[in-house]
Trainee: 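Here it is: the structure, laid out below.
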Amino acid sequence: MVTHRPRVGILALQGDVREHARVFAELDADVRLVRRPEDLSLIDGLVLPGGESSVIDKLARAFGMREPIREAIAGGLPVYGTCAGMILLADRLENPIAGQQTFGGLDATVRRNAFGGQVESFEVALEVPVLGAPPVHAAFIRAPVVVDCGARVEPLAALADGRVVAVRQGAILATAFHPEVSGETRFHALFLRTLRAR
């Protein structure tokens, strides 16, 4: 049981790090930026932000972060991935770029850029039963989708056409969209509840 303020680490190699940091600070979490393997020992949970999944992957390998993060996730470290973060958590990618790797941990197949490029970005009101009313205002920016879930993965939200865009598997939470950009704080609060319960 976490009795101190939850220490949320945000992988700060590339992507919308500041936006996540702001939301977690508003929710009274102790925010830490994670850039080196030793930073992982100082946190209760890790956020993989939106950005370029292939760039974050390359930088994580360059900074010696890939294996320590993989091991931490496999060891039960709670993780929340948004957009690129969802791609980085997937055990399987449907259309990776050449040589792209993930941290894994989420028993799912994820399709990168499922809606096309930046110009196909869109926003939608999304029903998320685990969060209750009102619907989530979800911003999709070059977003992925979950095309296949393992038995332990719980779909949390889907688009009208049935495509799954938010999932949970134990202490892993992932959304294809960017709550941190649209002012939505309930996914971040849900992640903090996971940390406090551990």
Trainee: Got a second to check how far Leu48's CG is from Ile56's CD1, nearest 0.5 Å?
Mentor: 7.5 Å
Trainee: Should Phe191 and Leu46 be counted in the same cluster of Ile, Leu, Val, Met, Phe, Trp and Tyr side chains packed under 4.5 Å apart?
Mentor: no
Trainee: Considering all heavy atoms of both residues, which atom of Pro78 and which atom of Thr194 are nearest to each other, and what is their separation?
Mentor: CB-CG2, 4.3 Å
Trainee: Treat each ILVMFWY residue as a node, draw an edge where side-chain heavy atoms are under 4.5 Å apart, and state whether Leu106 and Val79 are in one component.
Mentor: yes
Trainee: State the CG-CZ distance between Leu93 and Arg112, to the nearest 0.5 angstrom.
Mentor: 7.5 Å
Trainee: Between Asp16 (side chain only) and Gly50 (backbone N and O only), is there a donor and an acceptor less than 3.5 Å apart?
Mentor: yes
Trainee: With the side chain counted from C-beta on, respond yes when Arg163 and Phe115 share a heavy-atom pair under 4.5 Å apart, and no when they do not.
Mentor: yes
Trainee: How many angstroms lie between atom CD1 of Ile87 and atom CZ of Arg111, to the nearest 0.5 angstrom?
Mentor: 12.0 Å
Trainee: Listed by chain and number, what are the salt bridge (Lys or Arg N to Asp or Glu O under 4.0 Å) partners of Glu52, not counting sequence neighbours?
Mentor: Arg142
Trainee: Please check this pair: side chain of Gln100 against backbone of Ile97, looking for a donor-acceptor N/O pair closer than 3.5 Å.
Mentor: yes
Trainee: Could you tell me whether Arg186 and Glu184 have a side-chain N and a carboxylate O separated by less than 4.0 Å?
Mentor: yes
Trainee: What I'd like to find out is whether the side chain of Leu156 reaches to under 4.5 Å of the side chain of Leu173, using heavy atoms alone.
Mentor: yes
Trainee: Do Ser121 and Phe140 touch side chain to side chain, with heavy atoms closer than 4.5 Å?
Mentor: no
Trainee: Is Pro49 close to Leu11 at the side-chain level, that is, under 4.5 Å between some pair of heavy atoms?
Mentor: yes
Trainee: Please report the interatomic distance CG(Leu126) to OG(Ser182), rounded to the nearest 0.5 Å.
Mentor: 10.5 Å
Trainee: Heavy atoms only: give me the nearest Ala143-Ala176 pair and the separation to one decimal.
Mentor: CB-O, 3.4 Å
Trainee: Please set out all donor-acceptor pairs under 3.5 angstrom arising from side-chain atoms of residues 22-34, sequence neighbours excluded.
Mentor:
from  : atom 1 : to     : atom 2 : distance (Å)
Arg22 : NH2    : Glu180 : O      : 3.4
Asp28 : OD1    : Arg5   : NE     : 3.4
Asp30 : OD1    : Arg32  : NE     : 3.3
Asp30 : OD2    : Arg32  : NE     : 3.3
Asp30 : OD2    : Arg32  : NH2    : 2.9

Trainee: Assigning hydrophobic clusters by single linkage (Ile, Leu, Val, Met, Phe, Trp, Tyr; side-chain heavy-atom cutoff under 4.5 Å), is Val17 placed with Leu42?
Mentor: no
Trainee: Got a salt bridge between Asp57 and Arg61, using NZ or NE/NH1/NH2 to carboxylate O under 4.0 Å?
Mentor: yes
Trainee: Of the non-hydrogen atoms in Ala108 and Val146, which two are nearest, and what is the gap between them?
Mentor: CB-CG1, 4.0 Å
Trainee: Within a strict 4.5 Å, meaning less than it, do heavy atoms of the Phe122 and Phe177 side chains meet?
Mentor: no
Trainee: Which heavy atom of Val110 sits nearest a heavy atom of Ala90, and at what distance?
Mentor: CG2-CB, 3.6 Å
Trainee: Show the nearest heavy-atom pair for residues Arg168 and Gly170, with the distance to one decimal.
Mentor: CG-O, 3.8 Å
Trainee: Only one of Arg7, Arg198, Arg196 clears side chain to side chain donor-acceptor pair (under 3.5 Å) with Asp44; which?
Mentor: Arg7
Trainee: Between CD of Glu127 and CG of Leu159, what distance do you get to the nearest 0.5 Å?
Mentor: 12.0 Å
Trainee: So which heavy atom on Val153 is nearest to which on Pro155, and how close?
Mentor: O-CD, 3.5 Å
Trainee: Please tell me if the side chains of Asp107 and Cys149 come closer than 4.5 Å, counting only heavy atoms from C-beta onward.
Mentor: no
Trainee: Can you name the residues that form a ring-ring contact (aromatic ring centres under 6.0 Å, His included) with His20, not counting sequence neighbours?
Mentor: His188
Trainee: What I'd like to find out is whether the side chain of Pro179 reaches to under 4.5 Å of the side chain of Tyr80, using heavy atoms alone.
Mentor: yes
Trainee: Can you tell me how far CG of Leu89 sits from OG of Ser53, rounded to the nearest 0.5 angstrom?
Mentor: 11.5 Å
Trainee: Side chain to side chain contact (heavy atoms under 4.5 Å, CB included), that's the test. Do Arg66 and Gln101 meet it? Break it down for me.
Mentor: CA-CA 9 Å; Arg66 180 174 182 268; Gln101 299 178 23; 2.7 Å; yes
Trainee: Between Val47 and Val8, is a side chain to side chain contact (heavy atoms under 4.5 Å, CB included) present by the stated rule, with each step listed?
Mentor: CA-CA 7 Å; Val47 173; Val8 176; 3.7 Å; yes
Trainee: If hydrophobic clusters are built from ILVMFWY residues whose side chains come within less than 4.5 Å, do Val136 and Met86 share one?
Mentor: no
Trainee: I'd like to check Phe63 versus Arg36 (side-chain heavy atoms, cut-off strictly below 4.5 Å). Are they in contact?
Mentor: no
Trainee: For the pair Ile73 and Ile172, evaluate side chain to side chain contact (heavy atoms under 4.5 Å, CB included) and give the outcome as yes or no after the intermediate values.
Mentor: CA-CA 8 Å; Ile73 294 170; Ile172 296 174; 4.0 Å; yes
Trainee: Going hydrophobic residue to hydrophobic residue with side-chain gaps under 4.5 angstrom, can you get from Leu40 over to Leu13?
Mentor: yes
